[in-house]
Number of protein chains: 2
Amino acid sequence: MGLPSNDRNRLPSWRSAAYAAPVTVTLRDVARFADVHPGTASKALNEATRDRVAPATVRRVLEAAERLGYQPNTFARGLRTRRSYAVGVVLPDLTNPLFPPIVRSVEKVLAAAGYTTLIVDTDNDPATEERLMTMLRARHADGFIIATARREHPVAEAGDLVPMVLVNRLTEAALVPAVAGDEAAGIGTAVEHLVSLGHRRIGHLAGPQDLSTGFGRYRAFLDATQRLGLASADCPISFADSYSEASGLRAAREMLAAAPTAIVAGNDLIALGCLDALAEAGLKCPSDVSLVGFNDMPMLARLNPPLTTVHLPQEEIGTEAARLLLDRIARPDGPAKRLLLPCHLTVRGSTARPR
Amino acid sequence: MGLPSNDRNRLPSWRSAAYAAPVTVTLRDVARFADVHPGTASKALNEATRDRVAPATVRRVLEAAERLGYQPNTFARGLRTRRSYAVGVVLPDLTNPLFPPIVRSVEKVLAAAGYTTLIVDTDNDPATEERLMTMLRARHADGFIIATARREHPVAEAGDLVPMVLVNRLTEAALVPAVAGDEAAGIGTAVEHLVSLGHRRIGHLAGPQDLSTGFGRYRAFLDATQRLGLASADCPISFADSYSEASGLRAAREMLAAAPTAIVAGNDLIALGCLDALAEAGLKCPSDVSLVGFNDMPMLARLNPPLTTVHLPQEEIGTEAARLLLDRIARPDGPAKRLLLPCHLTVRGSTARPR
DNA sequence: AACGTCACGGCAATCGATTGCGGCTATGAC
DNA sequence: GTCATAGCCGCAATCGATTGCCGTGACGTT
């Protein structure tokens, strides 16, 4: 797998290879230089067809390509082969620190397989997402990794699909491969942690219910509290209408009326808003109220108090998503694997025994 | 400017447009449907040549394209026109919160002009950068926005260049357009702020000197302290060898031997490391030592103490970079404009009068 | 010596959009 | 009624790489 002739397209010098103005050298030039027909040169350059050319000829062609600094024309190749060796990575929000590490490991795996990663940011806007998807399709992306997580997302209904892998979202129809952190287990251990500290009145600041993560964590919270024998009356729930500090603040104000001794937030941003609400109400964290976040975004350890949170294996998620996609591209009709990667609870200073 | 026929390539339904398996409809199909020659259909679809076709025919072709859901083949078009309507954005580190807002505004401006943004992350690795640049060149990017900031960067020497704009780096040869925050002025106001609070012994935790930002801020610090009449003996300087908390910690430990009453850090991460060093030494910020960061990364306001820092107009930087690039693509031989955007000091709780 | 086999490489069509050139038709002028 | 002009459209070459098919020559076999 991989671009047939990448290995020998490298040039010694930076300048000529990467930044200098284009000096177009085509396959014809290489062929002329090696004194063969362009078709033959093509076969020599392509690992898959190389055995149809005499070894000595292959050497001559390779040599010529190297000398001339041949770079195959992506357009011509793509036009003929209908493949781009590019995959699109569709993110809801690049400024969310959750995604960059995922993107990075995706890029690493795909690059090793000869693929180019096209990152796009939909800014959580369906219209932008449509525009960008159309663009990626027009550029003939061979596959997609999709991290936008609205529950009524159109991919859910699509039947005959282009190769794609869903990230951070497992609630869709089972025909699409997906990778995500095991959020239910994550929420579960968070609740267990609080219960083991002695909490009995545990609230949940749920994220937006139209996002699959918000919905999934909410359900997981319900399951966990029930499983651990907490009365649902003791487990107040407020809904934040976005993953933001402001929404978290609003939801937390509501929540505090129910006087829980611990709170599980839908994500870290909501937890931050909750921290503000606690301060407002003159409550101390963790002595009055314990708090758990979700995602383990950077800098949380430096907060006051340092936030206990559920950590997602971002790098692994990216790696696995890329592998699944490569699988899918190679065998579009294979089974749609779905991977749940373990999350772990990072205990810091925002959780303690109730008074 | 812009892709000739974008406006009418939109399809009503998501599924068919964006996620469903490809149903290739070519220009021939449109032409057949509209009962014209493919060449004529092409002219009708292209705004620039539309006036060479009778209005009634244009309407028929447009109608046909709409009905059939025609999407021009990027490869075929690119092969013929040698343009991709794609630009590469080369970042040193996607996980650095400085960049996502810049990328976003870049994307917005470029999209409005019909261009696609290709984001790549070099991970601060020259070899990766070369690989990615070569890839972008192979994909015939029409231009580049480059935010990787090593001082001995190859673009500095390149003569005949592909259209590009440098971001956050103005120290290069003047032939390349560039946009950056006015870091010198930013450092200047930071130092002025400290002086106006009464500080006379102000240290600088400089960033890596092989990065243009590290070097530039260091020089700016020297200038500012001198201009304000501080003795250079009272202005100790330590060098961090990377923009990281660990390096900041190391450099700050050194620095504290000189007992400054205030410190200007090369960036926020270094400032965080400095905070740790202060804690280690039993020093309180800001009562014992005042501290100023640089970049205003997220969450700084929630720290203890909230960090005073220099804020960069990221969005504006992105917008201007994109505009400059479009300029450059349109007129590659025009003058290389260089833009310095004002920074401002965000005063929070980490700076106070010295005791 | 004649024939079959195989390895090698040339040939040309193809992918789909673009575009300069040239031809056709309709219109208007005299 | 004839000719000039311009508007409109078709034609075909072109961009560069890929690939199935076929021809050629060498070698081995009987």
Salt bridge (charged side-chain N to carboxylate O under 4.0 Å, His left out) partners of residues 114-126 of chain B, not counting sequence neighbours, each pair once: Arg104(A)-Asp121(B), Arg104(A)-Asp123(B)
Whole-Å distance separating the CZ atom of Arg139(B) from the C1' atom of dG16(D): 16 Å
Donor/acceptor link under 3.5 angstrom from Arg80(B) side chain onto base of dT14(D): yes
Rounded interatomic separation in angstrom, taking CZ from Arg83(B) and C1' from dC15(D): 16 Å
Short side-chain to backbone donor-acceptor contact, Arg338(B) and Pro177(B), under 3.5 Å: no
side-chain N/O Tyr70(A) vs dG16(D) OP1/OP2, d < 4.0 Å: no
Atom pair distance, as rounded to whole Å: CG in Leu79(A) and P in dT19(D): 12 Å
Any residue meeting salt bridge (charged side-chain N to carboxylate O under 4.0 Å, His left out) with Lys337(B), in chain and number order, not counting sequence neighbours: Asp327(B)
Whole angstrom value for the distance that separates C1' of dT19(C) from CG of Asn46(B): 10 Å
All ring-ring contact (aromatic ring centres under 6.0 Å, His included) counterparts of Phe99(B), not counting sequence neighbours: none
Estimated bend of the helix from dA1(C)-dT30(D) to dC30(C)-dG1(D) (axis per five terminal pairs, rounded to 10 degrees): 60°
Contacts of type salt bridge (charged side-chain N to carboxylate O under 4.0 Å, His left out), residue Arg131(A), not counting sequence neighbours: Glu107(B)
Letter per nucleotide, 5' to 3', of nucleotides 7-12 of chain D [B base touched, S only sugar-phosphate touched, - untouched; heavy atoms, 4.0 Å]: -SBBBB
Thr81(B), nearest nucleotide to its side chain (from dG16(C), dT19(D), dT19(C)): dT19(C)
